[in-house]
Amino acid sequence: MLKTIKTTKLIKIPAGSFTMGTDDQIGFPVDHEGPVTTVSVPAFQIATTTVTVAEFAAFVNATGYQTQAEQLGWSYVFFKLLDTETLDDTTATTDMPWWRAVKGATWNHPEGPTSDARERQNYPVTQVSLNDAVAYCIWAGVRLPSEAEWEKAARGGVAGLKYPWGNNLTENHQIHANTWQGNFPSENTLADGYLGTAPVTCYEPNQFGLYQMIGNVWEWCDNPRAILLSEFQKTTGSQYWQALLQKSKPHQAAIRGGSFLCHCSFCNRFRVGARNGEMSDSASSNLSFRVVKDFSEAAVHETF
């Protein structure tokens with residue numbers, strides 16, 4: 001049964017085949033972005049935006065749910081989002097020194113206790129693990145998309161493009177997504193106006209009316225990381241969801257879309273055919289999720 005969260009709109013993506021992946025070979029071989037594969041996807045509905053702070057707050061207020069970051073007492077925060085006092089109290093991670101483990105960083109205090117997500121009601125909720133996303137979905141009567149569903153929706157019915165709007169990140173000399181501008185990670189020119197996340201309806205939607213399928217925040221999917229594209233010819237998003245619900249141990253799960261930290265010099269995974277993954281119990285400043293629902297004739301353009 002769907003909960004009443006009137007801000008979330010679901011759009012129908014019709015059933016049919018689409019061309020998944022890319023043969024460009026500009027990504028990471030371990031991600032298995034190719035070969036290009038024709039995948040048939042049943043009709044489904046997808047939210048026009050990622051889950052917002054306001055929507056996640058409604059879930060927490062109704063259930064008393066505690067996220068994994070709240071239970072652990074800390075989470076990862078991008079260092080440039082921290083005030084001087086908080087930054088001085090953290091240690092850089094070894095392999096990616098721009099990440100800091102911050103005590104008290106949670107979905108409602110994304111950069112630690114001195115930050116407050118109540119000021120960002122229409123921003124994507126962050127600091128949520130895959131397990132947190134699953135808990136929200138169960139409560140709301142929805143689920144997470146498979147990578148095939150996510151990519152079909154992101155492409156907006158147009159095949160072969162790197163981005164929903166074309167083949168150039170700044171097509172027609174315009175900024176179309178919240179990504180990193182400048183020299184990562186030391187300098188961000190803020191040409192797009194944001195150092196961290198942006199409101200969920202910034203920038204123009206794609207041909208399906210979906211916002212920010214590229215950039216802003218990574219989005220959890222329900223299938224394992226880096227499986228071969230041919231697997232999506234055999235298994236639907238609903239089937240991956242049922243398999244996910246049976247998992248109890250941390251595992252590598254797929255994430256899509258890139259984030260405000262993506263830059264071609266470091267992370268070239270902010271293309272519609274690009275793939276990535278993260279441990280299911282991880283949370284950070286740039287991890288969020290978008291929901292889908294199996295299509296039924298009674299639920300066209302349903303809000304919840």
Side-chain angles (χ1 to χ4, degrees), residues 22 24 26-28 31 33 47-53 76-82 96-100 110-111 120 122-128 147 150-151 153-156 158 160-221 254-278 282-290:
T22 177
D24 287 344
I26 58 176
F28 299 89
D31 291 342
E33 293 182 6
T48 56
T49 70
T50 51
V51 172
T52 65
V53 168
Y76 288 110
V77 180
F78 178 60
F79 80 108
K80 281 191 171 292
L81 300 178
L82 299 172
M96 296 182 181
W98 46 88
W99 286 115
R100 301 298 179 98
E111 293 83 51
R120 311 173 204 174
N122 198 38
Y123 283 62
V125 66
T126 58
Q127 302 294 3
V128 285
E147 284 187 272
W150 187 96
E151 186 172 328
R155 290 190 178 278
V158 183
L161 297 181
K162 289 182 181 178
Y163 308 103
W165 54 84
N167 284 319
N168 297 303
L169 186 60
T170 53
E171 194 84 11
N172 299 321
H173 305 289
Q174 295 180 344
I175 293 175
H176 301 274
N178 179 17
T179 59
W180 189 273
Q181 297 93 42
N183 299 313
F184 183 84
S186 59
E187 176 195 8
N188 191 328
T189 65
L190 302 180
D192 62 6
Y194 299 97
L195 177 62
T197 57
V200 295
T201 53
C202 276
Y203 312 106
E204 71 278 9
N206 72 0
Q207 295 294 324
F208 286 155
L210 308 178
Y211 290 90
Q212 296 185 14
M213 298 301 287
I214 296 298
N216 212 25
V217 286
W218 288 103
E219 301 180 16
W220 288 110
C221 292
I255 57 176
R256 282 296 199 112
S259 80
F260 65 86
L261 295 179
C262 281
H263 187 271
C264 59
S265 66
F266 170 72
C267 170
N268 197 19
R269 288 176 166 129
F270 52 127
R271 296 164 286 111
V272 288
R275 308 175 72 191
N276 198 2
E278 189 54 83
S282 294
S284 67
S285 303
N286 64 343
L287 262 176
S288 189
F289 64 104
R290 182 186 305 257

In Å and rounded to the nearest 0.5 Å, what is the CG to OG distance from N183 to S265? 7.5 Å

Short side-chain to backbone donor-acceptor contact, R100 and F79, under 3.5 Å: no

Could you give the distance from CZ (R271) to SG (C262), rounded to the nearest 0.5 Å? 10.0 Å

Side-chain donor-acceptor pair present, Q212, N178, cut-off under 3.5 Å: no

Donor-acceptor pair, distance only, cut-off 3.5 Å: does the side chain of W220 make one with the backbone of V128? yes

Heavy-atom pair with the smallest gap, counting every atom of C267 and W218: SG-CZ2, 3.9 Å

Plane angle bin for F184 and F78 - parallel if under 30°, tilted between 30 and 60°, otherwise perpendicular: parallel

N/O donor-acceptor pair under 3.5 Å between Q181 side chain and A191 backbone: yes

Among W180, F28, W98, whose ring-ring contact (aromatic ring centres under 6.0 Å, His included) with F266 holds? W98

Using 0.5 Å steps for rounding, measure from the CD1 atom of I255 to the SG atom of C221. 9.0 Å

Residues in side chain to side chain contact (heavy atoms under 4.5 Å, CB included) with T126, at least two apart? P110, T197, V217

Out of curiosity, S285 OG to Y76 OH, how far, rounded to the nearest 0.5 Å? 12.0 Å

Any donor-acceptor pair under 3.5 Å from N206 side chain to L210 backbone: yes

Contact summary for S186 and K80, nearest pair of heavy atoms: O-CE, 2.9 Å

Does Y211 reach the side chain of T50, with side-chain heavy atoms less than 4.5 Å apart? no

H263 side-chain N/O to G182 backbone N/O, donor-acceptor pair under 3.5 Å: yes

Just by distance, do the side chain of N172 and the backbone of Q174 share a donor-acceptor pair under 3.5 Å? no

Which residues pass the side chain to side chain contact (heavy atoms under 4.5 Å, CB included) test with Q207, not counting sequence neighbours? V158

Taking N216 for the side chain and S259 for the main chain, is one N or O donor matched with an acceptor at less than 3.5 Å? no

To the nearest 0.5 Å, what is the distance between CG on L161 and CZ on R155? 7.5 Å

So do T179 and L169 actually touch side chain to side chain, heavy atoms under 4.5 Å? yes

Donor-acceptor contact present, side-chain R269 to main-chain N276, <3.5 Å: no

Are P124 and V51 side-chain neighbours, meaning at least one heavy-atom pair lies under 4.5 Å? no

Under the salt bridge (Lys or Arg N to Asp or Glu O under 4.0 Å) test against R256, which residue among E147, E219, E33 passes? E147

For the pair Y163 and W165, name the ring-plane relationship: parallel under 30°, tilted 30 to 60°, perpendicular over 60°. parallel

Nearest-0.5 Å distance that lies between atom CG in N286 and atom CG in L261: 5.0 Å

Report yes or no: does S288 contribute a side-chain atom to a donor-acceptor pair with the main-chain N or O of V125 at less than 3.5 Å? yes

On a heavy-atom basis, which atom in Y194 and which in N188 lie closest, and how many Å separate them? O-ND2, 4.1 Å

Under-4.0 Å salt bridge between E111 and R120: yes

Side-chain donor-acceptor contact under 3.5 Å, H176 with E204: yes

Could you walk me through whether V272 and K162 pass side-chain contact (heavy atoms from CB on, under 4.5 Å), step by step? CA-CA 6 Å; V272 288; K162 289 182 181 178; 5.8 Å; no

Taking the side chain from N168 and the backbone from T170, do they hold a donor-acceptor pair closer than 3.5 Å? no

